[in-house]
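Here is the structure we will look at, set down as structure tokens.
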Amino acid sequence: MIVDLHNHTKLCNHAEGEIEQYIQSAIKNNTRYFGFSDHAPMNFDPKYRMSFEQMSSYENDVLQAKEKYKDKIEILLGYEVDYLAGHMDERVLHVEKADYLIGSVHFLDGWGFDNPEFIGKYEDQDIDEIWQKYFDTIKEMADSKLFDIVGHLDLIKVFKYMPNKNIIEMAKESLKAIKKADMTLELNVAGYRKPIKEAYPSKELLNEAFKLEIPITFASDAHKPEQVGLFNNEIINLAKSVGYTQCVYYRNRKKNFINF
Ligand SMILES: [Zn+2]
Ligand SMILES: [Zn+2]
């Protein structure tokens, strides 16, 4: 991947490997712009993320690596931030050194729907309602205008509990909001590693995004160094198949376009 902006570090307690190992892996994969976007701290679900006190060491470690590898690759500093009403913190939303913030929805009313521990909850609710609530939350996230990139747009499909209603219909308002907020959509390969076995977003949603001229970027969403650049060909082909020829990276929270 020429641009790869969504990657984790062991600070989130569920990823492994050293920052330099991720970078070595990215260099091997011919990445030109490689971003770390570890899970930002919040006072909810603290077990799976760094603490507020660890933010400065995270930023310093990434910035030191940026300097060290500057002749080989450009390292960017980001955070993956949970959009969760009542739990978003100013210390995260206004990080001075951040090149970008990824906004992600991992919780619906406090339910961690992508965590296999809580998979049982899919059975006790109306599947169409779950999906609609998910996309309504994505719309709210875009409307908040707090973030640059939409993380894994259709994450709700992770365990393959598919809705009966039309997904494009359900996602329509959220896509419009993403366009209006001038956000970028990431093509995230983590879905290939999950039961759904396809990228986020699906080809049909990506096609809608293309029609709306929503820009894209690429994401390994690596939680191990060896996951960097996996499924590179699949994701590039997916982007090309709907018509994209350019992707985005961010510096200082400003978009830059590059051909891929
Ligand atoms: Zn993670
Ligand atoms: Zn995520």
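Whatever order the structure lists them in is the order used to number ligands and atoms, beginning at 1. Every heavy atom of this structure was used, including side-chain atoms; hydrogens, water molecules and symmetry mates were not.
- Side-chain contact between M42 and M88 is absent, with no heavy-atom pair separated by less than 4.5 Å.
- Using cut-offs of 30° and 60° on the angle between ring planes, the pair Y122 and W111 is perpendicular.
- Distances shorter than 2.8 Å separate the Zn ion (ligand 1) from the protein N/O/S atoms H14 NE2, H39 NE2, H223 NE2.
- Between D99 and R253 no salt bridge is recorded (no basic side-chain N to carboxylate O distance below 4.0 Å).
- With Y250 as the partner, the side-chain contact (heavy atoms from CB on, under 4.5 Å) test is satisfied by one option alone out of L76, N256, I149: I149.
- Using a cut-off of 4.0 Å between Lys/Arg side-chain N and Asp/Glu carboxylate O, D148 and K255 are scored as not salt-bridged.
- In this structure the side chain of D221 never reaches within 4.5 angstrom of the side chain of V189, judged on heavy atoms.
- Ring pair H8/H223 is parallel by interplanar angle, where below 30° counts as parallel and above 60° as perpendicular.
- Among the atoms of H6, none of the N, O or S atoms falls under 2.8 Å from the Zn ion (ligand 2).
- Per residue H106, closest N, O or S atom to the Zn ion (ligand 2): atom name NE2.
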